[in-house]
Amino acid sequence: MKVLVAVKRVVDYNVKVRPKSDGSDVDLANVKMSINPFCEIAVEEAVRLAEKGIATEVVAVSVGSQQSQEQLRTALALGADRAILVETDAALEPLAIAKCLKAVCDSESPDLILMGKQAIDGDNNQTGQMLSALLGCSQATFASELSVADGKATVVREVDGGLQTVELSLPAIVTSDLRLNEPRYASLPNIMKAKRKPLDVTNPADLGVDVTARVSLLGVELPAERQAGIKVEDVAMLVDKLKNEAKVI
Ligand code: AMP
């Protein structure tokens with residue numbers, strides 16, 4: 001069984017992002033970039049399937065700039081067998097990414113496609129669903145458990161107020177939620193080994209995909225700063241402040 005894992009290069013989750021001085025976009029100068037945390041969970045799940053002898057090959061795919069090779073090398077160090085970069089410097093929307101991934105799926109024919117439920121930069125939560133529609137294959141989003149047997153995937157999904165278990169026929173797309181697993185750290189020998197694993201580079205034009213944006217970013221801004229709180233001496237003072245200053249009662 002071949003597993004394809006989609007990984008995105010994003011601003012590291014520890015970084016507090018800031019807008020550029022002209023507010024035109026997020027300032028990415030000298031900012032630490034990493035593999036999207038949900039994609040890391042997807043890679044871990046694929047590698048676990050390989051370790052159980054269920055997956056025979058794990059292919060990591062990213063769509064983005066040449067620097068996305070760093071995140072693909074991380075996926076290779078975590079245990080993926082080979083990687084494909086669809087290289088472009090264009091500002092990418094989920095539909096364009098899904099079309100590029102579809103073109104890769106058409107040539108790779110994976111049985112299972114693992115993705116993150118969401119990229120922490122754009123917070124779109126769209127790419128997996130769009131890819132499923134383009135491929136016409138089944139999907140299970142927000143997965144917190146996955147098992148694969150007899151050409152079927154059984155997925156426990158995190159839904160509002162509980163868990164839902166679904167069975168999908170393969171090929172299928174599964175998007176990972178936070179509790180699917182805890183990703184391993186890449187060991188130094190595996191980081192060294194990853195440098196020699198195959199990483200093929202293609203681009204949207206060669207895949208026949210037009211990635212022209214349909215949405216224009218008009219600006220970004222920080223949320224309004226919250227005022228510092230105060231300590232009140234007693235309930236009477238609290239009530240007075242709520243009534244006369246905040247005017248909420
Ligand atoms: P999003 O729909 O942007 O929230 O992203 C959901 C998931 O789609 C991510 O966790 C990735 O698995 C995949 N994805 C999004 N953008 C890319 C990209 N540029 N390259 C590869 N995979 C991506």
Side-chain angles (χ1 to χ4, degrees), residues 3-13 17 26 28 33-47 58-76 78 80 82-108 110 112-135 137 139-144 146 155 157-158 171-181 183 199-204 207 209-215 217:
V3 182
L4 193 131
V5 194
V7 301
K8 187 175 189 192
R9 172 183 171 90
V10 296
V11 174
D12 188 88
Y13 72 95
V17 288
V26 173
L28 295 182
M33 305 294 284
S34 295
I35 186 167
N36 179 47
F38 294 108
C39 301
E40 201 174 357
I41 293 171
V43 173
E44 174 68 33
E45 199 63 20
V47 172
V58 176
V59 184
V61 184
S62 193
V63 186
S65 65
Q66 194 250 336
Q67 289 104 306
S68 302
Q69 290 200 15
E70 290 167 19
Q71 282 62 46
L72 287 173
R73 289 285 169 209
T74 305
L76 293 169
L78 291 171
R82 61 188 174 89
I84 300 170
L85 171 63
V86 182
E87 191 177 326
T88 172
D89 288 326
L92 294 165
E93 291 166 6
L95 182 58
I97 296 162
K99 285 180 180 171
C100 291
L101 294 175
K102 173 177 187 296
V104 173
C105 288
D106 286 345
S107 63
E108 291 287 334
L112 181 65
I113 302 155
L114 290 173
M115 306 175 70
K117 71 164 181 182
Q118 189 172 343
I120 61 164
D121 52 0
D123 273 349
N124 294 309
N125 178 15
Q126 293 177 10
T127 313
Q129 294 88 327
M130 287 180 171
L131 179 58
S132 151
L134 292 173
L135 287 171
C137 73
Q139 61 164 321
T141 49
F142 309 111
S144 62
L146 166 68
V155 180
R157 302 184 58 232
E158 300 208 356
I173 293 178
V174 176
T175 75
S176 62
D177 213 320
L178 197 62
R179 280 158 287 271
L180 182 60
N181 60 50
L199 192 163
D200 294 326
V201 181
T202 179
N203 60 63
L207 296 176
V209 178
D210 177 8
V211 291
T212 311
R214 295 156 186 237
V215 178
L217 176 61

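Indexing begins at 1, ligand by ligand and atom by atom, following the structure's order.
Here's the thing with Gly116: one of its N/O atoms is less than 3.5 angstrom from an N/O atom of ligand 1. In terms of N/O distances under 3.5 Å, ligand 1 is not approached by Leu101. Looking at ligand 1, you'll find an N or O of Thr127 within less than 3.5 Å of one of its N or O atoms. An N or O contact shorter than 3.5 Å links Ala119 to ligand 1 by distance.
With a 4.0 Å heavy-atom cut-off, ligand 1 is reached by no atom of Pro94. Heavy atoms of Asn36 found under 4.0 angstrom from ligand 1 belong exclusively to the side chain. Counting heavy atoms under 4.0 Å from ligand 1, residue Val61 touches it through the backbone alone.
Considering only non-hydrogen protein atoms, atom 16 (N) of ligand 1 sits nearest to Lys8 CD, 3.2 Å. The closest protein non-hydrogen atom to atom 17 (C) of ligand 1 is Ile97 CG2, 3.5 Å.
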Exercise for review: Could you give me the CA-CA distance, side-chain angles and deciding distance for Asn203 and Glu87, then say whether side-chain hydrogen bond (donor to acceptor under 3.5 Å, both in side chains) is met?
Suggested key: CA-CA 5 Å; Asn203 60 63; Glu87 191 177 326; over 6 Å; no
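Using modelled atom types, one finds no donor on one side chain facing an acceptor on the other under 3.5 Å when comparing Arg157 with Ser144.
Closest approach of Glu158 to Asp177, counting heavy atoms only: CB-OD2, 3.7 Å.
Between Lys99 and Leu207, the closest side-chain pair of non-hydrogen atoms is not below 4.5 Å.
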